[in-house]
K.L.:
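Got a structure for you, written out below as structure tokens; questions coming shortly.
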Amino acid sequence: MARGGRVLRSVEEPQLAAPPVRASRPQPTLVYRTDPNMRAAGEARVQRPDIDDVDEVIGASRWSSLRFRLERVARKRRLGLALVAVLYGGTGLLGMIDGGHWPTVRDEILNAHVTTANLMGFRITAVQTEGQVALTDDEVLLALGVKDDTALPFLDVRAARERLMANPLVQDATVKKLYPDRLTVNLVERKPFALWQHDGKVQILAEDGTPIDEFRDSRFAHLPLVVGPSANLKAQKLLDALALAPKIREETYAAVFVAERRWNLRLRSGVEVKLPEIGYAAALARLESLQAKQNVFAKWINVVDLRSPAKIVVRLSPEAAAQMAEADKAAAKAKKKAGQI
């Protein structure tokens, strides 16, 4: 008995035994096999023999053995067909090379995508241009790279614009695609202003005196011609002055810049007009008035000198001078004979 009157368990009472502890069972390792070729972890893989290396599969049924044999025959037949195809392909390729047809066939193969696009209706059938004045149609099409079989989806508009801009006549250009089969080109051309002859060559000038291109054809033959070093830089003012004297401008076919200081005009009648260094617009106005009154260009003169503001000096042609000399001699003889009588 403990303190407080509580009864504890007697020493003589039998003690209950502790419950036995169960030993843990090992977890089973499950291996699932749904095919003879599947294996458990760590199990070595058995190499399946190739059907080309065995004559008969041991343990297989009759139909399985027949299937293996047929597969072996088919595999060998595919190899034979491949070899035959290679032989015929090589023979055809050599024939095309020897016959000179390979470049055409190669181009057709490389352009298969273009041909397909054309068959689908994307072949360029029209090119619309705006602002085209001096450029010819051939120049535009050549720069664009447009041919009879060009497909619109595969045209590089950026490269086409760069080729257009490489032409000195083109100041700016815009190229756009209009599906399915059209191309639009907006051009800003440099305006040809005059022809400039110097150093043995003739170039086309813009209004600011910038050379545009070499003079190659007759499209620009109607432009006025200026000749001499630095004539391109002074041509604008001269042509503006000639615009106020239309009769002289019509007769002028060339203007020569003499010593890079003043101009001489060459007329179609063979007359040379010498202009002053300063005030040549007023001198041209005087000559325009004289031509309207007396038609001096139709007379036998070869030089009209306007360098003096107070007078106009003309020089007769050699033929006219000879005839005038003969007339003077005849007049002198007549006077002498009249004096003798």
Side-chain angles (χ1 to χ4, degrees), residues 107-108 110-198 201-227 231-246 249-250 252-255:
D107 293 341
E108 290 295 332
L110 295 177
N111 294 327
H113 59 292
V114 177
T115 303
T116 303
N118 289 338
L119 292 175
M120 295 175 64
F122 292 107
R123 184 175 67 86
I124 296 178
T125 59
V127 177
Q128 180 180 355
T129 61
E130 295 182 4
Q132 179 185 355
V133 179
L135 287 175
T136 64
D137 294 341
D138 292 339
E139 288 175 332
V140 173
L141 293 176
L142 182 62
L144 292 174
V146 174
K147 301 179 182 178
D148 293 337
D149 58 348
T150 302
L152 187 62
F154 301 107
L155 178 67
D156 189 347
V157 293
R158 181 177 298 179
R161 180 184 181 277
E162 290 177 355
R163 289 191 295 269
L164 278 172
M165 294 296 295
N167 192 315
L169 284 173
V170 179
Q171 183 176 353
D172 194 10
T174 304
V175 183
K176 294 182 180 179
K177 296 180 180 180
L178 292 181
Y179 282 94
D181 57 1
R182 290 182 179 272
L183 197 67
T184 62
V185 182
N186 294 325
L187 296 170
V188 178
E189 294 186 0
R190 290 187 176 94
K191 184 179 178 181
F193 180 69
L195 300 178
W196 178 31
Q197 180 178 338
H198 67 105
K201 58 184 178 182
V202 179
Q203 291 180 301
I204 303 171
L205 294 180
E207 291 185 358
D208 59 355
T210 302
I212 297 176
D213 196 7
E214 298 289 334
F215 176 66
R216 298 186 181 92
D217 51 50
S218 59
R219 282 183 295 167
F220 308 107
H222 65 283
L223 296 175
L225 175 66
V226 294
V227 183
N232 59 317
L233 303 177
K234 303 293 184 179
Q236 176 71 55
K237 293 182 178 180
L238 174 66
L239 295 180
D240 289 344
L242 282 173
L244 301 177
R249 177 167 183 168
E250 184 179 356
T252 302
Y253 77 88

K.L.:
Minimum heavy-atom separation for Met165 and Ala173, please, with both atom names.
P.N.:
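Scanning both residues completely, I find the closest heavy atoms to be SD-N, 3.6 Å.
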K.L.:
Quick one: pull up CZ in Arg163 and CG in Leu142 and give me the separation to the nearest 0.5 Å.
P.N.:
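One finds 8.5 Å between CZ of Arg163 and CG of Leu142.
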K.L.:
Kindly indicate, with the supporting measurements, whether the criterion side-chain contact (heavy atoms from CB on, under 4.5 Å) is fulfilled by Leu205 and Val226.
P.N.:
CA-CA 10 Å; Leu205 294 180; Val226 294; 4.2 Å; yes
K.L.:
For Pro192, which of Leu169, Asp213, Val133 qualifies under side-chain contact (heavy atoms from CB on, under 4.5 Å)?
P.N.:
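For Pro192, the side-chain contact (heavy atoms from CB on, under 4.5 Å) check succeeds only for Leu169.
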K.L.:
Counting N and O atoms only, with roles assigned by atom type, does the side chain of Gln203 sit under 3.5 Å from a partner on the main chain of Pro211, one being a donor and the other an acceptor?
P.N.:
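It does not hold such a pair.
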K.L.:
A side-chain contact here means heavy atoms from C-beta on lying under 4.5 Å apart; do Val185 and Lys176 qualify?
P.N.:
no
K.L.:
Do the non-hydrogen side-chain atoms of Phe215 and Gln197 ever get within less than 4.5 Å of each other?
P.N.:
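They are not in contact (no side-chain heavy atoms under 4.5 Å apart), so the answer is no.
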K.L.:
Quick check: closest heavy atoms across Gln236 and Phe193, and the distance to 0.1 Å?
P.N.:
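Smallest heavy-atom distance, with atoms named: OE1-CZ, 3.6 Å.
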K.L.:
Is Arg219 paired with Glu139 through a side-chain N to carboxylate O contact shorter than 4.0 Å?
P.N.:
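A salt bridge links Glu139 with Arg219.
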K.L.:
Within the 4.5 Å heavy-atom criterion, are Leu152 and Asp181 side-chain neighbours or not?
P.N.:
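Of all side-chain heavy-atom pairs linking Asp181 with Leu152, none is under 4.5 Å.
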K.L.:
Using side-chain contact (heavy atoms from CB on, under 4.5 Å) as the criterion, list what pairs up with Gln128, not counting sequence neighbours.
P.N.:
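Per chain and number, Gln128 pairs via side-chain contact (heavy atoms from CB on, under 4.5 Å) with Glu130, Thr184.
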K.L.:
Using 0.5 Å steps for rounding, measure from the CZ atom of Arg249 to the CG atom of Leu244.
P.N.:
10.0 Å
K.L.:
Just wondering, are more than 12 heavy atoms of other shown residues or ligands nearer than 6.0 Å to CG in Asp208?
P.N.:
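Above 12, so yes.
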K.L.:
Please report the closest heavy-atom contact between Val227 and Ala231, naming both atoms and the distance.
P.N.:
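It is O-CB, 3.7 Å.
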K.L.:
Starting at CZ of Phe220, measure out to CG of Leu195 and round the result to the nearest 0.5 Å.
P.N.:
9.0 Å
K.L.:
Does a side-chain N-to-carboxylate-O contact under 4.0 Å join Asp156 and Arg161?
P.N.:
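Between Arg161 and Asp156 there is no salt bridge, as every charged N stays at least 4.0 Å from the carboxylate O atoms.
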K.L.:
Report yes or no: does Lys177 contribute a side-chain atom to a donor-acceptor pair with the main-chain N or O of Leu155 at less than 3.5 Å?
P.N.:
yes
K.L.:
Kindly say whether Val170 contributes a backbone atom to a donor-acceptor pair with the side chain of Arg190 at under 3.5 angstrom?
P.N.:
yes
K.L.:
Looking only at non-hydrogen atoms, find the nearest pair between Gln132 and Leu135 and report the distance.
P.N.:
NE2-O, 2.8 Å
K.L.:
For the atom pair OG1 (Thr125) and CG (Asp148), what is the distance rounded to the nearest 0.5 Å?
P.N.:
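Answer for the OG1-CG pair, Thr125 versus Asp148, is 11.5 Å.
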K.L.:
What distance separates Leu164 CG from Asn186 CG, expressed to the nearest 0.5 Å?
P.N.:
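Leu164 atom CG to Asn186 atom CG measures 11.0 Å (nearest 0.5 Å).
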K.L.:
Heavy atoms only: give me the nearest Asn232-Gly209 pair and the separation to one decimal.
P.N.:
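So the two residues come closest at ND2-O, 3.1 Å.
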K.L.:
Within a radius of less than 6.0 Å around CE of Met120, do more than 12 heavy atoms belonging to other residues, nucleotides or ligands occur?
P.N.:
no
K.L.:
First locate atom OG1 of Thr210, then atom CH2 of Trp196, and finally report the distance between them rounded to the nearest 0.5 Å.
P.N.:
10.0 Å
